[in-house]
Amino acid sequence: MRVLAIESSCDETAVAVLDEVRGLLAHALHSQIDLHRVYGGVVPELASRDHLRRLVPLVRTALAEAGSTAADIDGIAYTAGPGLIGALLTGAALARSLAYAWGVPAVDVHHLEGHLLAPLLEPDPPAFPHVALLVSGGHTMLVEVRGIGDYQVLGETRDDAAGEAFDKTAKLLGLPYPGGPELARLASAGHEGAYAFPRPMLDRPGLEFSFSGLKTAVSRVVKDPLFDPARRADVAHGVESAIVGTLAAKALRALEATGLDTLVVAGGVGANRRLRATLEEAVTRRGGRVHFPRIEFCTDNAAMIAVAGLARLRAGERAPLAIEARAQWPLATLAPPSASAAYREGST
Ligand code: KG4
Ligand code: ZN
């Protein structure tokens with residue numbers, strides 16, 4: 001089976017082709033960073049319009065890169081949520097229409113399931129069950145992944161996501177959007193221990209996160225009239241230490257709590273090098289293993305949507321003919337591919 005996948009939930013337009021036997025044949029991506037930078041964040045309507053412009057050319061690029069034509073495609077997978085509703089609808093409309101025109105099935109994929117399954121694209125994929133630390137711009141959660149579609153959320157953030165904390169504090173430091181990678185770059189020139197920012201919820205039991213206090217603490221420092229701008233790198237380093245330290249401590253706590261020894265790190269913040277190094281060291285020290293998708297598959301991409309879509313199409317799962325997208329879609333409502341196919345057949 002060969003699947004074409006479309007991702008358009010936020011500010012990346014992406015198309016990939018995944019073959020069940022030959023693996024990933026193509027992945028094409030257009031980032032809208034330049035479009036949104038002047039506004040300091042993603043402008044939803046501009047995102048939708050740009051997806052519309054880019055989607056069809058990207059499908060052509062991906063098919064050419066895969067050495068495929070429409071006739072080689074056996075199914076289409078698309079991100080149906082969660083995300084920006086207008087942006088999601090552009091991808092859903094194209095995916096649904098192509099499937100109809102080409103006479104192949106389509107399946108709607110949960111964006112976070114895509115992130116969770118991205119490590120399966122690597123040559124040495126993680127075994128099930130494992131614990132996943134899912135850290136993106138919109139979500140921060142620890143999930144026990146028992147198999148594809150079998151997810152138990154162990155803990156999540158009560159307020160800001162880790163990526164949001166990176167982005168908001170970066171903005172306070174005057175860094176351009178998207179702040180996460182910019183802050184990480186500035187942090188590498190800072191000194192450890194110069195600023196100690198709060199690591200909320202670490203002193204309490206449980207696997208929940210809270211990052212909103214961090215931006216208040218940083219705001220207090222940088223808005224002080226006596227703040228020396230030469231110390232911005234030290235502040236950035238302090239912020240990165242607080243976020244990475246909190247994520248690592250809770251991820252280790254989740255391994256303890258579940259008795260599992262494999263950790264997967266997924267989502268855009270998984271591209272952070274200090275987070276990767278810290279977890280690699282800590283998990284290896286306790287005899288476990290940590291898996292990261294390659295950096296380009298940590299941030300939004302269509303290859304991960306293809307992985308989830310292929311599993312679900314293989315099991316006979318089909319999206320309804322109507323073009324539907326969901327801004328909100330709780331991960332806990334997903335079921336393993338075969339079970340949900342049966343459920344959907346029974347329900348339609
Ligand atoms: O998964 P993703 O691409 O999009 C969402 O689904 O949200 O994650 C984007 C988030 C942004 O908040 C971005 O600042 C953050 O990931 N990010 C990083 C790094 N690269 C991306 N945060 C810290 N360090 C990085 N190197
Ligand atoms: Zn994402």
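Each ligand, and each atom within it, is numbered from 1 in the order the structure gives. Heads up: numbering here begins at 1 and tracks the sequence.
Here is the list of ligand 1 atoms found below 4.0 Å of a heavy atom in G138: 7 (O). Set against the non-hydrogen atoms of A271, the atoms of ligand 1 under 4.0 Å away are 20 (N), 26 (N). Numbered from 1 in the order shown, with element, the atoms of ligand 1 that lie under 4.0 Å from a heavy atom of T299 read 3 (O). Residue G163 has at least one heavy-atom neighbour below 4.0 Å for each of these atoms of ligand 1: 12 (O). Applying the 4.0 Å criterion to heavy atoms of G137 picks out, from ligand 1, the atoms 5 (C), 7 (O), 8 (O), 9 (C), 10 (C), 12 (O).
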Run the numbers on T13 and H51 for side-chain hydrogen bond (donor to acceptor under 3.5 Å, both in side chains), then give the verdict. CA-CA 6 Å; T13 323; H51 285 309; 2.9 Å; yes
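Of the N or O atoms in D300, one or more lie within a sub-3.5 Å distance of an N or O in ligand 1. The N/O atoms of D167, backbone and side chain alike, include one that comes under 3.5 Å of an N/O atom in ligand 1. For ligand 1, the polar-atom distance check against G179 finds no nitrogen or oxygen pair separated by under 3.5 Å. Considering backbone and side-chain N/O atoms, H111 comes within less than 3.5 Å of an N/O atom of ligand 1. Of the polar atoms of A184, none of the N or O atoms is found under 3.5 Å from an N or O of ligand 1, judged by distance alone.
By the criterion of a heavy-atom distance under 4.0 Å, neither the backbone nor the side chain of H139 is placed next to ligand 1.
Residue H115 places a heavy atom less than 4.0 Å from ligand 1. Under a 4.0 angstrom heavy-atom cut-off, P181 registers as being in contact with ligand 1.
Rounding to 10 degrees, one finds that the Zn ion (ligand 2) sits at the corner of an angle of 90° between H111 NE2 and H115 NE2.
Residues L112 and M141 meet the side-chain proximity criterion, which asks for heavy atoms closer than 4.5 Å. The shortest distance between side-chain heavy atoms of C298 and R276 falls below 4.5 Å. Between E164 and K215, every side-chain heavy-atom pair lies at or beyond the 4.5 Å cut-off.
Aromatic ring orientation, Y195 versus F197: parallel (interplanar angle below 30°, classes split at 30° and 60°).
Listed here is the closest heavy atom pair of A161 and F211: C-CD1, 4.2 Å.
The protein non-hydrogen atom at the shortest distance from atom 17 (N) of ligand 1 is G268 O, 3.6 Å.
When only modelled atom types and interatomic distance are considered, E65 and H27 share no side-chain donor-acceptor pair under 3.5 Å. For S210 and D159, the side-chain atoms include at least one donor-acceptor pair closer than 3.5 Å. If you check the side chains of R274 and S241, you find a donor sitting under 3.5 Å from an acceptor.
For a distance bound of 2.8 Å, the N, O or S atoms of C10 include none lying that close to the Zn ion (ligand 2).
Counting non-hydrogen atoms of other residues, nucleotides and ligands closer than 6.0 Å to CZ of R37 gives a total above 12.
Using a 4.0 Å cut-off between charged side-chain N and carboxylate O, R185 and E182 make a salt bridge. In summary, R289 and D124 engage in a salt bridge, as defined by a charged side-chain N under 4.0 Å from a carboxylate O.
Comparing G270, G180, A165, G267 against atom 22 (N) of ligand 1, the shortest heavy-atom distance belongs to G180. When V244, I243, N272 are ranked by how near their heavy atoms come to atom 24 (N) of ligand 1, first place goes to N272.
Closest to the Zn ion (ligand 2) among the N, O or S atoms of D300 is OD1.
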